[in-house]
Amino acid sequence: MALQRLLGFLRRSEGGGSSSGTADDGAIFERLHHTFKLFLTEWNNFQETMTQVEYTLCCDHPFGMQRVRKLCTAAATQVFQCIQQLGKLYPAPCEALYARFAELQKTVASVVYEPRFQAVGPRVLPFGHSEGLPAYAKVVEMLSLNAGEEGGFVVTLAGCRYFLLVNDLQGEVIRRIQAAGGPVRARLTKLSQSLVDLVGNAPIPEELALEINAEFSRVRVAAPRRAFLPCLCLWSLAEGEQPSAGWTERNGPGTRPAGLAFRGRPIPPGAPEDAALVAFRETLAHAHRREALVYKRAHGLTESSVGLSVVFLSLPEDHDFQRDGIPVSGRFPEGDDGDESKDDRDHMLGSPVFRILQHAAAHILPLTLEVDSVDFAARNCSTYHDIARYCHEKAISSMFAVGSGGRHAHKRVKQLKDTVLKQFWVVNLNDGFASVPSGPVIDISEIVSLPMLALWRGMNVYPWQGPPPVDGKGFMAVLFEASANPNLDPAAQTAYFSEKNYFMIARNYCSLHSRFGFHFVSVEARLGERKRENYLVFQLRGGAADIERRILRVRFVAELLWEFGFKPQVHNDAVSARLEGMSLEDGEHLLAVAGYMTIHTRQLDMIMQEAARVAARRKEMLGHCRALFTGRDIPGRHEKT
């Protein structure tokens with residue numbers, strides 16, 4: 001067995017065989033248990049990251065690429081750590097797991113880190129050209145300018161992208177946004193100024209400069225006494241949209257056009273020959289003003305999915321700049337905080353950023369492997385979740401297979417019996433058994449772990465009432481989640497429902513890991529006479545309903561735990577609550593409360609949007625927990641209601 005070989009390796013690495021077999025096995029087992037705890041930390045972190053991905057897609061809008069990259073990086077790091085820790089417990093499959101991980105990481109990176117984008121086509125066009133006229137017309141419309149077709153020219157999307165590409169500005173813009181944590185309000189002004197300065201000070205490539213100067217000279221010869229107004233068009237490059245037109249009216253008649261336009265600094269008659277070049281650079285830099293950053297985030301745009309054109313309008317000779325409100329400086333009016341583009345509509349669905357996270361999630365979230373299937377092998381892992389789940393199964397199996405690895409280790413793992421056999425296994429880390437039976441079963445009377453006994457009492461003090469009846473909406477929510485969430489696919493249920501629930505114990509220590517369907521609970525506690533060393537951690541996550549109901553459930557659980565001194569922290573559909581420094585007596589009562597919550601919070605997510613039923617269940621559960629906390633019996637505890 002692999003674990004037996006590992007135990008032998010660890011023994012040899014410590015200087016050869018020892019005559020104190022029991023002590024050696026105990027030390028080695030404690031080392032393996034420590035590794036297993038490190039593995040569980042990364043596994044739990046990955047579960048939370050998957051929830052964050054799911055919640056971001058369904059509910060937490062808007063979001064930007066910086067969050068997408070942060071989530072994908074976290075998922076990759078946590079799965080990599082799962083493989084590393086498994087390698088210390090069961091190294092055999094790790095080479096294949098690393099290979100699959102490398103392939104997935106490359107695939108996800110290709111989705112999340114877009115290649116540099118360069119548009120094709122002419123870089124500078126006159127208004128008279130069929131591809132230049134739409135940009136001119138849209139600028140006039142959006143800025144409410146009193147201008148006819150007086151002439152002018154456009155630096156097209158291809159021209160603007162060429163400028164950004166040659167100077168490698170797109171990569172630097174992405175880096176600075178990522179470093180700032182995204183365009184959040186607290187750092188928006190500083191970030192915006194940094195990006196405006198970056199673009200505004202970049203040199204214009206010689207080829208592009210020649211084309212801009214040539215077109216500027218042409219229109220000035222035709223109208224030497226006219227001023228020019230440079231304007232920036234900014235829009236979303238929808239799939240299949242022609243960049244030459246650059247604008248689509250997506251919100252119906254009478255609404256603000258789908259995009260932004262910014263006025264630059266006017267170029268007066270008789271300006272120097274390079275005035276158009278200076279104006280082009282300054283005006284293009286408006287793409288990183290506060291309002292533009294907010295607009296791009298709200299609409300889920302990446303830097304490469306933003307359409308850009310700089311339009312040079314030839315204005316009438318008698319044009320009144322003050323009348324049309326064109327600021328000479330080209331800056332926003334005083335007091336404009338750049339948030340004008342926010343509205344009540346959700347623009348994220350189907351946006352470039354949304355689609356990128358969707359594509360990445362397809363390589364992160366689905367669970368395609370069945371534990372009992374002949375295809376359950378490292379080489380068949382198709383997603384990050386597959387790899388993490390495979391590691392989890394093998395890590396648990398390694399701990400439970402410890403009976404084959406060491407002269408005394410067979411005494412450590414037993415199935416629990418409390419009148420009848422239970423679907424719980426007990427791993428004796430040190431001194432948690434009063435005596436060791438010869439068979440594979442341990443009776444609850446032979447357990448001397450103080451925290452486990454207190455926890456077990458709470459788990460069995462009152463019979464679970466079974467899944468709550470679900471109304472039509474709740475049933476449809478569960479049904480929809482089961483069909484939409486690949487983690488709840490029926491093909492994966494064998495793996496979920498067949499997993500062992502287990503305690504790892506010593507006289508003063510207990511660690512419980514329990515799964516019921518899609519409901520995960522872990523409890524860890526140290527309980528003894530030394531008050532300052534005592535602690536209790538309760539964690540719950542998951543569920544079968546949609547994420548909104550799962551979030552409501554963990555908030556419900558957190559409210560109950562607050563009353564008993566816990567300090568719960570809620571994150572999406574997970575709650576973690578910790579207590580430290582309690583007396584032995586208080587610790588026993590609190591562990592009973594934790595045990596009760598382990599059992600009686602199962603499947604409550606399905607009724608969390610039914611206020612009356614939630615209130616009734618809260619009242620009942622709070623009464624039961626108060627009784628346990630004060631050492632009293634629960635009324636009618638032997639009657640299943």
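Numbers for residues simply follow the sequence, beginning at 1. Below, all heavy atoms of this structure are taken into account, side chains as well, without hydrogens, waters or symmetry copies.
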Self-check item: Geometric class of the F46/W43 ring pair [parallel <30°, tilted 30-60°, perpendicular >60°]
Solution: tilted
Practice problem: Before giving the answer on salt bridge (charged side-chain N to carboxylate O under 4.0 Å, His left out), spell out for K531 and E580 the whole-Å C-alpha distance, their side-chain angles and the decisive distance to 0.1 Å. | Solution: CA-CA 8 Å; K531 182 177 178 180; E580 297 177 347; over 6 Å; no
Quiz item: Hey, are Y596 and H624 close enough side-chain-wise for a donor-acceptor pair under 3.5 Å?
Solution: yes
Quiz item: What do the steps show when you test I444 against I447 for side-chain contact (heavy atoms from CB on, under 4.5 Å), and what is the final call?
Solution: CA-CA 5 Å; I444 190 66; I447 301 292; 4.2 Å; yes
Self-check item: Side chain to side chain, Y384 and L104, heavy atoms closer than 4.5 Å
Solution: yes
Practice problem: State whether the side chain of R541 and the backbone N or O of V521 hold a donor-acceptor pair below 3.5 Å, judged by distance alone. | Solution: no
Quiz item: Between the side chains of Y509 and E524, does any donor sit under 3.5 Å from an acceptor?
Solution: yes
Self-check item: Heavy-atom closest pair, residues P91 and L89
Solution: CD-C, 4.0 Å
Quiz item: Counting only heavy atoms not in E95, do more than 12 sit closer than 6.0 Å to its CD atom?
Solution: no
Quiz item: Just by modelled atom types, is the A506 backbone N or O under 3.5 Å from a matching donor or acceptor in the S449 side chain?
Solution: yes
Quiz prompt | Check: L536 and M582 side chains under 4.5 Å, non-hydrogen atoms | solution = yes
Quiz item: Can you check whether K70's main-chain N or O pairs, donor with acceptor, with T73's side chain at less than 3.5 Å?
Solution: no
Quiz prompt | Any V523 side-chain heavy atom under 4.5 Å of S511 side chain | solution = no
Quiz item: Are the aromatic rings of Y98 and F80 close, with centres under 6.0 Å apart?
Solution: yes
Quiz item: Side chains of R507 and D431: does their closest heavy-atom pair fall under 4.5 Å?
Solution: yes
Quiz prompt | Check: L367 and T383 side chains under 4.5 Å, non-hydrogen atoms | solution = no
Practice problem: Please work out which of the three classes, parallel, tilted or perpendicular, describes the rings of H61 and F354, given edges at 30° and 60°. | Solution: perpendicular
Quiz item: What orientation do F503 and W456 show, parallel under 30°, tilted 30 to 60°, or perpendicular over 60°?
Solution: perpendicular
Exercise. Give the C-alpha distance, both sets of side-chain angles, the deciding distance and a yes or no for side-chain contact (heavy atoms from CB on, under 4.5 Å) between R67 and R297.
Key: CA-CA 11 Å; R67 190 192 304 180; R297 183 175 186 271; 3.9 Å; yes
Quiz item: Is the backbone N or O of G528 less than 3.5 Å from a side-chain atom of N534, with the two atoms forming a donor-acceptor pair by type?
Solution: yes
Quiz item: Say you draw a straight line from CG of L591 to CG of D586; how long is it, rounded to the nearest 0.5 Å?
Solution: 11.0 Å
Quiz item: Does some side-chain heavy atom of W425 sit less than 4.5 Å from a side-chain heavy atom of N501?
Solution: no
Quiz item: Do N380 side-chain atoms and F376 backbone N/O form a donor-acceptor pair below 3.5 Å?
Solution: no
Quiz item: Is a salt bridge present between D386 and R100, judged by a nitrogen-to-oxygen distance below 4.0 Å?
Solution: no
Self-check item: Enclosure of K422 NZ (heavy-atom neighbours >12, cutoff 6.0 Å)
Solution: yes
Quiz item: Salt bridge or not for E620 and R617, using N-O below 4.0 Å?
Solution: yes
Practice problem: Please examine the side chains of Y55 and I551, heavy atoms only from C-beta on, and report whether any two atoms are closer than 4.5 Å. | Solution: yes
Exercise. Supply the atom-to-atom distance R632 CZ to H589 NE2, rounded to the nearest 0.5 angstrom.
Key: 10.5 Å
Quiz item: If you measure from CZ on R457 to CG on L455, what distance do you get to the nearest 0.5 Å?
Solution: 12.0 Å
Quiz prompt | Student check: side-chain heavy atoms of V575 and Q539 closer than 4.5 Å | solution = no
Self-check item: Check: F566 ring centre within less than 6.0 Å of F538 ring centre
Solution: no
Practice problem: State yes or no: are the ring centers of Y502 and F424 separated by less than 6.0 Å? | Solution: no
Quiz prompt | Donor-acceptor contact below 3.5 Å, side chain K414 vs main chain N428 | solution = no
Self-check item: Pairs meeting criterion side-chain hydrogen bond (donor to acceptor under 3.5 Å, both in side chains) with involvement of residues 560-569, two or more places apart
Solution: E563-R626
Practice problem: State plainly whether the residues R618 and E559 are in salt-bridge range, i.e. N to O under 4.0 Å. | Solution: yes
Quiz prompt | Under 3.5 Å side-chain donor-acceptor pair for Q85 and T35 | solution = no
